Amino acid sequence: MTLLHEPELIIMDEPFSGLDPVNATLLQDTLLDLKKAGRAILFSTHRMDQVEKLCDEICLIHRGKAVLSGGMREVKLRYERNRVIIDFQGDDGFLSHEAIAEFRQYPGHVEISLKQHGDAQALLRAAQQRAQIYRFELVEPSLEEIFIRTVGEKVDA
């Protein structure tokens with residue numbers, strides 16, 4: 001009903017709350033269509049993955065104060081690309097490499113946070129010496145990681 005009169009500005013508070021995955025995808029697609037049609041959409045959410053998919057501009061609010069704002073690309077460029085994703089088979093001994101600050105390991109897959117200015121290429125060479133590498137990707141931090149770094153506390157999952 002809210003969209004029947006084709007408003008230029010759409011304001012939504014936690015629009016994905018309580019939706020199952022099918023309906024969340026339908027709503028996401030609808031919002032993307034409205035965005036393409038030139039509608040301005042303002043919404044609040046705690047789901048940073050949705051923000052990354054849907055928003056051009058963001059404002060992160062913590063305890064009632066804006067702590068980070070700007071264009072999505074501009075915000076992400078402020079942070080070093082220090083995450084590495086590796087899909088591999090074989091010896092995981094490369095996970096003791098000096099460039100690694102921390103990692104989460106799963107069967108055949110590891111998500112790594114590098115130390116500040118950590119050498120991803122040196123890590124790749126070390127990994128190749130011990131394992132068969134199927135994927136090695138240096139990725140920018142997610143908006144969720146940026147939020148956690150900015151507010152200095154963990155977000156409840």
Side-chain angles (χ1 to χ4, degrees), residues 7-19 21 24-88 92 94-106 108-128 131 133-157:
E8 292 298 314
L9 174 63
I10 301 158
I11 301 173
M12 304 179 95
D13 182 25
E14 297 283 352
F16 295 92
S17 180
L19 295 181
T25 299
L26 287 172
L27 178 57
Q28 177 179 297
D29 291 346
T30 300
L31 291 175
L32 288 170
D33 289 343
L34 290 166
K35 180 179 169 182
K36 286 178 192 171
R39 303 297 193 284
I41 303 167
L42 175 67
F43 75 95
S44 65
T45 185
H46 288 90
R47 298 275 315 272
M48 298 298 110
D49 58 317
Q50 293 167 343
V51 173
E52 286 186 274
K53 291 176 185 173
L54 297 170
C55 297
D56 297 322
E57 301 276 331
I58 63 167
C59 180
L60 295 178
I61 299 172
H62 179 61
R63 296 188 178 156
K65 296 188 188 282
V67 294
L68 183 67
S69 64
M72 182 67 73
R73 179 70 13 231
E74 168 199 335
V75 167
K76 286 196 161 209
L77 287 174
R78 294 180 202 165
Y79 295 85
E80 182 179 11
R81 286 181 173 227
N82 69 341
R83 291 181 50 230
V84 175
I85 297 172
I86 303 175
D87 291 340
F88 70 98
D92 65 0
F94 63 89
L95 294 174
S96 62
H97 193 274
E98 63 187 19
I100 297 175
E102 63 183 14
F103 64 88
R104 288 190 179 139
Q105 188 173 3
Y106 309 95
H109 177 89
V110 65
E111 298 172 3
I112 297 170
S113 293
L114 297 175
K115 293 178 181 172
Q116 188 171 11
H117 308 298
D119 188 347
Q121 295 303 311
L123 174 60
L124 174 58
R125 288 189 295 274
Q128 287 175 318
I133 306 302
Y134 298 109
R135 173 183 176 200
F136 185 93
E137 184 178 359
L138 184 61
V139 296
E140 66 190 6
S142 69
L143 194 55
E144 183 173 320
E145 290 170 309
I146 291 171
F147 182 89
I148 290 169
R149 285 189 214 172
T150 301
V151 303
E153 62 190 63
K154 292 204 174 207
V155 176
D156 292 332

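Nothing here was measured: the structure is a model prediction, and the numbers come from that model.
- Using a distance-only test at 3.5 Å, with no hydrogens or angles considered, a donor-acceptor pair links the side chain of K35 to the main chain of L54.
- Counting only heavy atoms from C-beta outward, the side chains of E144 and E52 never approach each other to under 4.5 Å.
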K76 and I146: CA distance, side-chain angles, deciding distance, side chain to side chain contact (heavy atoms under 4.5 Å, CB included) verdict: CA-CA 8 Å; K76 286 196 161 209; I146 291 171; 4.1 Å; yes
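- Across all non-hydrogen atoms, the minimal contact from A120 to F136 is O-CZ, 3.4 Å.
- In this structure, L27 CG and L31 CG are separated by 4.5 Å, a value rounded to the nearest 0.5 Å.
- In this structure, CD1 on I112 lies 4.0 Å from CD1 on I86, to the nearest 0.5 angstrom.
- Nearest heavy-atom pair, F88 versus V110, reported as atom, atom and distance to 0.1 Å: CE2-CG1, 4.1 Å.
- With rounding to the nearest 0.5 angstrom, the CD1 atom of I148 is 10.0 Å from the CG atom of L143.
- C59 approaches S69 most closely through the heavy-atom pair CA-CB, 4.0 Å.
- Taking both residues in full, the closest heavy atoms of Y79 and P141 are given as CB-CG, 3.6 Å, listed atom of the first, atom of the second, then distance.
- Heavy-atom contacts from other residues, nucleotides or ligands closer than 6.0 Å to CD of E98 number 12 or fewer.
- Scanning both residues, E140 and R83, for their nearest heavy atoms gives O-NH1, 3.2 Å.
- Residues I58 and F147 have side chains not in contact (no heavy-atom distance under 4.5 Å, counting atoms from C-beta outward).
- Distance CD/E14 to CD/Q50: 8.0 Å, rounded to 0.5 Å.
- The two atoms that bring A127 and I133 nearest to each other are CB-CD1, 3.7 Å, heavy atoms only.
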Worked verdict on E145 versus M48 for side chain to side chain contact (heavy atoms under 4.5 Å, CB included): CA-CA 9 Å; E145 290 170 309; M48 298 298 110; over 6 Å; no
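- To the nearest 0.5 Å, atom CD of residue Q105 and atom CG of residue L95 are 5.0 Å apart.
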Criterion side chain to side chain contact (heavy atoms under 4.5 Å, CB included) on D33 and R39, from CA distance to verdict: CA-CA 9 Å; D33 289 343; R39 303 297 193 284; over 6 Å; no
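- Distance CG/L124 to CD/Q128: 4.0 Å, rounded to 0.5 Å.
- Using a cutoff of 4.0 Å between basic side-chain nitrogens and carboxylate oxygens, E74 and R78 are scored as salt-bridged.
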Side chain to side chain contact (heavy atoms under 4.5 Å, CB included) evaluation trace for D119 with H97: CA-CA 10 Å; D119 188 347; H97 193 274; 5.7 Å; no
